[in-house]
Structure formats: C-alpha cells, structure tokens
Asker: 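Got a structure for you, written out below as structure tokens; questions coming shortly.
Being a predicted model, the structure only gives us computed values, none of them experimental. No hydrogens, no waters, no symmetry mates; every other heavy atom, side chains included, goes into these values. Numbering of ligands and ligand atoms starts at 1, following listing order.
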Amino acid sequence: MLVLAGTTEATTLARHLDGRGVDVTSSLAGVTSAPMDRPGGVRRGGFGGVNGLVEHLSRERVDAVVDATHPFAAVMPFHAAAACDALGVPGCRLLRPPWAAVDGDRWIHVEDMDQAAAALDGIGVQRVFLAIGRQQLEPFRRCSKQTFVVRSIEPPDVTLPGMTSILDRGPFDVPGERALLECHGVDAVVAKNAGGSATEAKLVAARELGIPVVLVARPPQPAGVDVVEDVDGAVAWLSARFPDLGQLRSVS
Ligand code: NAP
C-alpha cells in the first residue's frame, strides 16, 4: 500500500494503517529536509514521471495508492492517476475541502501567484505576509511598493524587498497569528486555499484585524479519480476494496 505524502493527513493515514497491521509505505518528494516521523516504510524522491511510477508500482506489486499530496501539488496527482489507470491499480485522491469565506472576510480571489503579486498594488497595501511557503516567491520580486514577511519551513532561496523570514511549521493558532500580523505591521496576507485546520488561523486573525487576504485558487485535479476528503474517508475507501486491510502490501 503506497501513500503519496506531503500533508498531515498522509502522516495520520500512515500511522492509522500501520496501527491496523497494514504494510504501508509513504513516499516523500524529498523537498523538506526534516519531514514528520511516521511508522511504516518511507521512500524519498521523485519516481521519474508517469513511466517511473508505473514501473515502481508494478515492480513493488503495489495493491493500492492513496494520493495524499498537498492540494497545491500540481503534477503528482496527474501522474498517480495515469499510473494507476495504466496498471488497473486502485487509487484515490485525499483532498481536503477548500476554505470558504464567512462574514467579515475580505478575500480577493486570484488564480495564481502572478495574479496575487499583481493584486497588491490594487489594494494599496505595504507590508505583506506571504504564507505560501518558499517555492513560489519569485513573482513578488516585481513588487516595488511592498515589503514582505515570509514564513516557510525551510529558508527561502529568493530574497524579496524588506523581507523578514520566519522559519516555522504549523499547526498555528489564532493568538499566535494575530500577534505575528500585529508585530510585523502586516496590512495584507497572501495565502493558498489549502483548506484544513492546521493553517486556517491566519485567515481568522486577518478577519479579526480587518486585513485583506489575497487567496490563491487550487490547481486543477485529474478527472475521473475517486476523491475522499479526509483520513476517515481514505480508510473507508480502502476498506470497501480490501475488507482485510492487513493483507495490503507495501512498497519498499
Ligand atoms: P508536484 O508539483 O505535484 O510534484 C512535482 C514532482 O515532485 C512530481 O512530478 C514528482 O516527481 C515529485 N513528487 C511530488 N510529490 C511526491 C511524493 N509524495 N513522492 C514522490 N515524489 C513526489 O508537487 P510540489 O508542489 O512540487 O510538492 C512537492 C511535495 O511537497 C508534494 O509531496 C506535496 O504534497 C508537498 N507539499 C506541497 C505544497 C505546495 O504548496 N505545492 C505544500 C505543502 C507540501 P516525479 O515526476 O519524478 O515522480
């Protein structure tokens, strides 16, 4: 049983399946130098595209794949869908629901980071909290009227105007996020619509402080793939196909 990892849900699922005696292996892209510990097997690094993944699944005789990569992983879900399809291996996408605005939210919806960077001048803001990780900072280099607070797990490679870098990993809470926004004089937040509770606090803090949030939409997902919203959904999906979960094989 292979879990394509990169999210809290992937870690929780691996822990749950291991606890039920499933021979589970988690696959990490290898972008984070100190990933969360998890039971079961762990492999790191890309497979080498769809063909590499097909070869891997077939060589390791993988019974099922749960793609629990991040909602903003734009490539891996398509590769997983194509590889599972090619081999007839059952696969599902674990994709948490996106956030939805509530009263008091001042959200500006954009399609990508280029649009997010372009939107900042339009709303006349100066000190921007980029809660988008470290890999998509490049578009903000063009911003001449703003300075930035960047939070990421690993140090960013890109330097932005007046940048303050904060190294931290969620989950985050509302008091902490409020303190961060106030302490750095932030007047706008840029975030990906990742969904889930672990990183939602920044949106609540922004709402409480009346700060606008430029919210980047998710990339497209492959069509025709079973989607579950959470770990329970993934376990139910697996149980429906493998009544005795303990018989599922791992990859190693
Ligand atoms: P991506 O664009 O979908 O994937 C790029 C390439 O990385 C894939 O083609 C694949 O290489 C490799 N890859 C991705 N996930 C992998 C996995 N779980 N195991 C093995 N190889 C994997 O993904 P990304 O946005 O670069 O994200 C990379 C990882 O970070 C993902 O696991 C994702 O869950 C996690 N992550 C991403 C974000 C985000 O905002 N994008 C946020 C938090 C965590 P090959 O083609 O060589 O197989």
Asker: Rounded to the nearest 0.5 Å, how far apart are OG1 of T7 and CG of L94?
Answerer: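 Rounded to the nearest 0.5 Å, the OG1-CG separation comes to 6.5 Å.
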
Asker: If the criterion is any heavy atom closer than 4.0 Å to an atom of ligand 1, which residues make the list?
Answerer: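 Under the 4.0 Å cut-off, ligand 1 touches L4, A5, G6, S27, L28, A29, V31, R43, G45, G46, F47, G48, G49, T69, H70, F72, A73, A74, V75, M76, H79, K192.
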
Asker: Taking distance alone, no hydrogens or angles, what donor-acceptor pairs closer than 3.5 Å link side-chain atoms of residues 70-93 to residues at least two apart or in another chain?
Answerer:
unit_1, atom_1, unit_2, atom_2, d
H70, ND1, F72, N, 2.9
R93, NE, Q221, OE1, 2.9
R93, NH1, D67, O, 3.2
R93, NH1, D67, OD1, 3.4
R93, NH1, T69, O, 2.8
R93, NH1, T69, OG1, 3.2
R93, NH2, T69, O, 3.4
R93, NH2, H70, O, 3.0

Asker: Applying ring pair (Phe, Tyr, Trp, His ring centres under 6.0 Å), name anything that partners F148, two or more places apart in sequence or on another chain.
Answerer: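 Listed in chain order: F140.
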
Asker: Considering only residues two or more places apart or on different chains, which pairs with a residue in residues 32-53 satisfy ring pair (Phe, Tyr, Trp, His ring centres under 6.0 Å)?
Answerer: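 For residues 32-53: F47-H56.
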
Asker: Rounded to the nearest 0.5 Å, how far apart are CD1 of I166 and CD1 of I153?
Answerer: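 These two atoms lie 14.0 Å from each other.
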
Asker: Could you walk me through whether R127 and T164 satisfy the side-chain hydrogen bond (donor to acceptor under 3.5 Å, both in side chains) test, starting with their C-alpha distance in whole Å, then the side-chain angles of each, then the deciding distance to 0.1 Å, before giving a yes or no?
Answerer: CA-CA 10 Å; R127 185 71 168 152; T164 303; 2.8 Å; yes

